[in-house]
Amino acid sequence: MGDDRLTVLLVEDNPVQARLIEGLLKRSTTPAFEVVHVDTLARGIQRIEEGGVDVVLLDLILPDSEELETFSRFYAHASETPIVILSGLDDLKLAGRAVEGGAQDYLVKDRIDGPGLIRSLRYATARARARSAEWHSPMFRLAQQQFLKAAHLMEMDDNIRQRLLFPERTLLVSFPFRRDDRDQVETVFGYRVQHVLAMGPTKGGIRYHSSVNLGEVSALAMWMSWKCGLMHLPFGGAKGGVRVDPTGLSRSELQRLTRRYTGEILPMIGPDRDIPAPDMGTDEQVMAWLMDTYSQQKGYAVPTVVTGKPVVLGGSEGRKEATGRGLVYLVEEAARRTELELEGATAVIQGFGNVGAHAARFLADDGVKVVAVSDVSGGLFNENGLDLEAVEAHVRENRVVEGFGDADSVTNEELLELPCDILAPCALQNQITAENASKVRCRILAEGANGPTTLEADDILASRGVFMLPDILANAGGVTASYFEWVQGTQNYMWTLKEINERLRRAVTAAFHRVTARAERDDVDMRTAALIEGAARVSQAKLSRGLFP
Ligand code: GLU
């Protein structure tokens, strides 16, 4: 059905209310609404299954179902159709919970007016369409739903909420690079997404992975906005990526790919515009090639166009380890709060890349026994603690942890269920879900990866008393040290490792206290508190800049 005509399924048992809504919708012509009215949940579900409904208006109190139950039963049959909740003034908390659970919005019955109603239905439909078209991605859905939850709880300005739900700028390119076998040219997809341009230059890493797509990059860009907001950094969020498996590429192929990708995104980046950094599948070397390609175009060296570059090119001391180091500073704070003695405590780490391997090492420095680590090849478990130096040496030689002698092997799934004090998922997204969250047996969950836990899993973990260090806080040490690197670059003045680490500790500790204070004040979980802290700053900045023209 086109944009000019929307079919609304109105599930409402109060005939007066239903007539009122139908009356308001009838008056609209752009879009025109066709209203299908039913008065029980069972009939609503039956109608949605017949298809052709664009958007649903759902009353939560119906003759055959009440409260959140109504929403979850309906949602189970209509997760792809946008749902707007009709709520009584007394049931606002309930409506909020439904928004957390996947509803697009809610309207307060006594306050419904024509323009507000039409706007809400239009936005809900447009959002759902964008989600099923170019932003079709579970990860982007997770990022949006997390944000909607926080926006609802903090009563964010409605106009700002709509602006922040999608990135402001996206670039999607397809481009070729030559394989080592010179006759072979590969064409791949590349992305650069800038979520918020109001705060200063945008900032965020570049990911090379076979799962990269527009939705994933957009979700990661959105998280960068909240992360920078939470850390009080003068950046908006961005992210980039190429859909390619870098492990299958030689060094020279990786270099050609990087240079061509840089050429494609060149108009979008720059030291005052948008500053890339490493992320999954990229490293210091990739940043060096990126900086070189950009500098060649300008005719002079521009080190500040990227962060996370080699120290000899103006990279910062301590940047490489900063994500892992920041995570461990935060675990120290969390341990103090939960009265966990770190000396002799146990840790399980998923992922042995730049974040996981450094986190493991710094935890071990604190006297923590790292009993398990993993990578794409699987996991290692030794209840007496792994010899991390030996594991690192093994990985240097064999690229993967597989085949390391002094440990039992476990799968990545089994690893997440090992009993431990600290669990740090430092690999991929979507690892702790409704299926396995009840089997996670840790006291502190420190999310080194972006988006490793789903919303349903969050609830389960919270009910089991797990102390959560959410991704936008737990892995914020990386972008914080990136900020230090950028400041040093723009001032042409270098700080020592000691200075970097002290500043890093101060920055993440202050953010930790902001988040715990917010969690207590608003009676929300740590993730929501972190999101609110980050999003509030972005929202304030946008409001103070006002609207052009
Ligand atoms: N890719 C990292 C992140 O997700 C670092 C970004 C940066 O340093 O700009 O936070």
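Note that ligands are numbered from 1 as they come in the structure, with each ligand's atoms numbered from 1 the same way.
- Residue Phe140 is tested with Trp223, Phe166, Phe147 for a ring-ring contact (aromatic ring centres under 6.0 Å, His included); the sole match is Phe166.
- Evaluated by nearest non-hydrogen atom to atom 5 (C) of ligand 1, the leading choice among Arg319, Lys203, Met280, Arg207 is Arg319.
- Ranking the protein heavy atoms by distance from atom 8 (O) of ligand 1 puts Ser482 OG, 2.6 Å first.
- At a heavy-atom cutoff of 4.0 Å, ligand 1 is contacted by no atom of Thr323, backbone or side chain.
- Less than 4.0 angstrom separates some heavy atom of Gly205 from each of these atoms of ligand 1: 1 (N), 6 (C).
- Of all the atoms in ligand 1, the ones that sit under 4.0 Å from a non-hydrogen atom of Asn450 are 4 (O).
- At least one N/O-N/O distance between Pro278 and ligand 1 falls below 3.5 Å.
- A side-chain N or O of Arg319 and one of Ser482 form a donor-acceptor pair less than 3.5 Å apart.
- The closest approach between any non-hydrogen atom of Gly204 and ligand 1 is below 4.0 Å.
- Nearest protein heavy-atom neighbour of atom 7 (C) of ligand 1: Ala277 CB, 3.3 Å.
- Taking the six-membered ring where tryptophan is involved, the planes of Trp495 and Phe484 are tilted, since the angle between them lies from 30° to 60°.
- Considering both main-chain and side-chain atoms, Thr307 never comes within under 3.5 Å of ligand 1 through any nitrogen or oxygen pair.
- Electrostatic pairing of Glu216 and Arg207 counts as a salt bridge here, judged by a charged N lying under 4.0 Å from a carboxylate O.
- Note: Phe235 and Tyr483 have perpendicular aromatic rings, judged against thresholds of 30 and 60 degrees for the angle between ring planes.
- A donor-acceptor distance shorter than 3.5 angstrom exists from the side chain of Asn354 to the backbone of Lys320, with no hydrogens or angles considered.
- Taking each of Lys227, Lys239, Met287 in turn, the one with a heavy atom nearest to atom 10 (O) of ligand 1 proves to be Lys227.
- Between Lys542 and Glu168 there is a salt bridge, since at least one side-chain N of the basic residue sits less than 4.0 Å from a carboxylate O of the acidic one.
- Of the charged side-chain nitrogens involved, at least one lies within less than 4.0 Å of a carboxylate oxygen, so that Glu447 and Arg527 count as a salt-bridged pair.
- At the shortest separation from atom 1 (N) of ligand 1 among protein heavy atoms lies Asp279 OD1, 2.8 Å.
- Applying the 4.0 Å criterion to heavy atoms of Met224 picks out, from ligand 1, the atoms 3 (C), 4 (O), 6 (C), 10 (O).
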